[in-house]
Amino acid sequence: QVHLENSGGGLVQPGSSLRLSCAASGFPFSSYTMNWVRQAPGKGLEWVGDINSGSATTYYVDSVKGRFTISRDNAKNMLYLQMNSLKPEDTAVYYCAVGCVEVDGRPELPCDYWGQGTQVTVSS
């Protein structure tokens with residue numbers, strides 16, 4: 001069965017860094033584009049970014065460009081989200097996801113499979 005396990009969240013101050021992890025199993029990880037999606041309190045799902053399966057090219061929503069970095073370790077079936085210069089507006093539950101259909105280059109949410117999510121709280 002496809003399984004995605006999120007970890008790495010926590011409470012940090014603005015300007016701090018945090019790295020989220022996603023352990024994947026049950027599918028050929030290296031063959032799939034992986035996604036990060038978040039949901040702020042009271043808000044809808046927001047696609048954060050993704051990393052391609054082949055080229056490992058990354059794409060990000062404008063609000064996190066230059067601050068967040070997505071990476072993957074195919075040998076370990078691991079996906080990462082390095083978050084730097086965190087802002088209070090980054091506070092959300094962060095999910096890794098796979099099977100997000102793209103329409104004109106934009107992912108349609110929700111995706112087919114999700115991690116359980118990990119809470120990131122940025123507060124002073």
Side-chain angles (χ1 to χ4, degrees):
Q1 297 290 332
V2 173
H3 181 69
L4 302 173
E5 183 176 348
N6 280 114
S7 63
L11 173 63
V12 297
Q13 294 186 330
S16 297
S17 297
L18 202 59
R19 189 175 79 158
L20 307 183
S21 297
C22 172
S25 62
F27 67 99
F29 176 78
S30 63
S31 298
Y32 285 83
T33 292
M34 297 298 298
N35 304 264
W36 285 100
V37 180
R38 67 185 180 184
Q39 186 168 33
K43 305 296 183 180
L45 294 171
E46 179 188 27
W47 177 79
V48 175
D50 64 19
I51 182 167
N52 291 356
S53 61
S55 65
T57 301
T58 55
Y59 298 90
Y60 305 93
V61 69
D62 286 344
S63 61
V64 309
K65 286 181 179 177
R67 300 189 299 119
F68 289 12
T69 302
I70 300 171
S71 61
R72 65 193 299 162
D73 186 339
N74 287 336
K76 297 181 178 180
N77 284 13
M78 293 291 294
L79 175 72
Y80 304 101
L81 178 64
Q82 178 67 47
M83 304 183 294
N84 298 326
S85 301
L86 282 162
K87 304 174 180 179
E89 51 263 45
D90 294 319
T91 295
V93 177
Y94 284 73
Y95 304 90
C96 56
V98 67
C100 309
V101 177
E102 289 189 359
V103 177
D104 294 329
R106 301 191 305 274
E108 297 289 336
L109 302 177
C111 309
D112 288 342
Y113 300 98
W114 298 79
Q116 84 282 11
T118 186
Q119 177 71 51
V120 173
T121 302
V122 185
S123 177
S124 60

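Below, each value reflects all heavy atoms present in this structure, side chains not excepted, and no hydrogens, waters or symmetry copies. None of the values given here were measured: they were computed from a predicted structure.
The CZ atom of R72 sits 11.5 Å away from the OH atom of Y32 when rounded to the nearest 0.5 Å. The distance from the CD1 atom of I70 to the OG1 atom of T57 is 11.5 Å, given to the nearest 0.5 Å. Taken from OG in S123 to CG in L86, the straight-line distance is 12.0 Å, to the nearest 0.5 Å. To the nearest 0.5 Å, the span separating SG on C100 from CG on D112 amounts to 7.5 Å. Atom CG of L4 sits about 9.0 Å away from atom CD of Q116, to the nearest 0.5 Å. Going from atom CE of M83 over to atom OH of Y94 covers 5.5 Å, rounded to the nearest 0.5 Å.
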(message) Evaluate D90 against K87 for salt bridge (Lys or Arg N to Asp or Glu O under 4.0 Å), listing each step before the verdict.
(response) CA-CA 5 Å; D90 294 319; K87 304 174 180 179; over 6 Å; no
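Side-chain atoms of L20 and V120, non-hydrogen and from C-beta on, do get closer than 4.5 Å to each other. The side-chain heavy atoms of V37 and W114, taken from C-beta on, include a pair separated by under 4.5 Å.
With hydrogens and angles left out, the side-chain atoms of S17 and N84 include a donor and acceptor closer than 3.5 Å.
Among residues two or more places apart in sequence or in another chain, the side chain to side chain contact (heavy atoms under 4.5 Å, CB included) test is passed with S71 by Y80.
Taking the six-membered ring for Trp and the full ring otherwise, the centers of F68 and Y60 sit at least 6.0 Å from each other.
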